[in-house]
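Below: the structure, in structure tokens.
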Amino acid sequence: QVQPVESGGGLVQPGGSLRLSCVDSGIGFANYSMGWHRQRSGNKRELVATINRLGRTFYPDSVKGRFTISRDNANNIVYLQMNSLKVEDTAVYYCWNGLNVWGQGTQVTVST
């Protein structure tokens with residue numbers, strides 16, 4: 001199974017925005033869930049957002065109202081729009097697909 005490939009990470013100031021993208025090569029992309037997780041330094045990997053095949057989304061309270069996950073089934077891409085970023089959002093962000101394959105991650109740093 002080919003890994004999903006993330007892009008879009010970088011350095012942003014507090015209050016800023018970033019959009020992450022994940023291209024997935026799995027067969028039947030439209031039929032399974034996709035998600036984003038993150039791992040902050042010294043912490044366990046944690047869920048950030050998921051979207052199922054019907055477009056239903058889930059967010060933990062830590063990002064609800066600031067992050068939005070969406071998917072483009074025609075091009076096998078899932079996005080994570082991150083607004084009002086905080087210093088504590090600094091982490092490596094990983095894309096995950098419903099076949100339980102993880103991407104290699106992209107670094108997001110929120111700092112002045």
Side-chain angles (χ1 to χ4, degrees):
Q1 180 69 41
V2 178
Q3 282 183 307
V5 179
E6 305 98 335
S7 62
L11 174 63
V12 63
Q13 292 187 341
S17 298
L18 278 177
R19 188 176 79 157
L20 306 183
S21 300
C22 171
V23 179
D24 184 73
S25 301
I27 296 173
F29 174 86
N31 295 321
Y32 51 79
S33 297
M34 295 292 297
W36 289 93
H37 293 67
R38 69 185 179 189
Q39 187 163 17
R40 293 179 278 191
S41 181
N43 288 27
K44 295 179 182 179
R45 194 172 295 189
E46 60 180 349
L47 175 68
V48 173
T50 60
I51 185 166
N52 71 7
R53 64 182 184 89
L54 299 177
R56 182 170 293 177
T57 59
F58 172 81
Y59 308 93
D61 288 344
S62 57
V63 306
K64 193 175 294 183
R66 300 188 298 122
F67 289 12
T68 303
I69 188 171
S70 60
R71 64 190 299 161
D72 175 358
N73 288 338
N75 293 295
N76 285 25
I77 301 174
V78 63
Y79 299 102
L80 183 69
Q81 177 67 43
M82 304 185 294
N83 298 328
S84 303
L85 282 161
K86 305 176 181 180
V87 172
E88 52 264 40
D89 293 319
T90 295
V92 178
Y93 284 71
Y94 297 90
C95 180
W96 167 89
N97 72 19
L99 304 179
N100 207 29
V101 180
W102 295 81
Q104 292 199 334
T106 185
Q107 176 71 46
V108 172
T109 302
V110 185
S111 175
T112 56

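Since this is a predicted model, take the numbers as computed values, not measurements. Sequential numbering from 1 along the given sequence is applied to the chain's residues.
Interatomic distance, OH of Y79 versus SG of C95, reported as 12.0 Å (0.5 Å rounding). Distance CD/Q81 to CZ/F67: 9.5 Å, rounded to 0.5 Å. Taken from CZ in R71 to CG in N52, the straight-line distance is 7.5 Å, to the nearest 0.5 Å. With rounding to the nearest 0.5 Å, the separation of CG in N75 from CZ in F29 is 9.5 Å. Y59 OH to W36 CH2: the interatomic distance, rounded to the nearest 0.5 Å, is 12.5 Å. How far CD1 of I77 is from CE of M34: 10.5 Å, rounded to the nearest 0.5 Å.
Side-chain atoms of S111 and L11, non-hydrogen and from C-beta on, do get closer than 4.5 Å to each other. The closest side-chain heavy-atom distance from V110 to V108 is below 4.5 Å. In this structure, the side chains of P4 and Y94 stay at 4.5 Å or more apart for every pair of heavy atoms.
A side-chain hydrogen bond (donor to acceptor under 3.5 Å, both in side chains) with E46 holds for exactly one of H37, Q39, R38; it is R38.
Between R40 and T90, the closest heavy-atom pair is CG-O, 3.1 Å. Closest heavy-atom contact between T50 and I69: O-CG2, 3.6 Å. Minimum interatomic distance between V63 and V48 (heavy atoms only, all atoms of both residues): CG2-O, 3.3 Å.
With N76 contributing its side chain and D24 its backbone, the two residues share a donor-acceptor pair below 3.5 Å. Put simply, the side chain of E6 gets close to the backbone of Q104: a donor and an acceptor are under 3.5 Å apart.
W96 and V101 end up in different hydrophobic clusters when Ile, Leu, Val, Met, Phe, Trp and Tyr side chains are linked at under 4.5 Å. Linking ILVMFWY residues whenever their side-chain heavy atoms come closer than 4.5 Å, directly or via other members, leaves F58 and L80 in distinct clusters. No single ILVMFWY cluster, assembled from side-chain heavy atoms under 4.5 Å apart, contains both V87 and M82. No continuous path of hydrophobic side-chain contacts links V92 to V12 [ILVMFWY only; heavy atoms under 4.5 Å].
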Discussion item. As a quick check of understanding, evaluate side chain to side chain contact (heavy atoms under 4.5 Å, CB included) for W102 and R45, giving each step before the final call.
Written reply: CA-CA 12 Å; W102 295 81; R45 194 172 295 189; 3.1 Å; yes
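By the 4.0 Å N-to-carboxylate-O rule, K64 lies close enough to D61 to be salt-bridged with it.
Applying the 6.0 Å contact sphere to CZ of R66 captures more than 12 heavy atoms from other residues, nucleotides or ligands.
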What pairs of donor and acceptor atoms, side-chain ones from residues 13-23 against any protein atom, are under 3.5 angstrom apart with sequence neighbours left out?
| residue | atom | partner | partner atom | Å |
| --- | --- | --- | --- | --- |
| S17 | OG | N83 | OD1 | 2.9 |

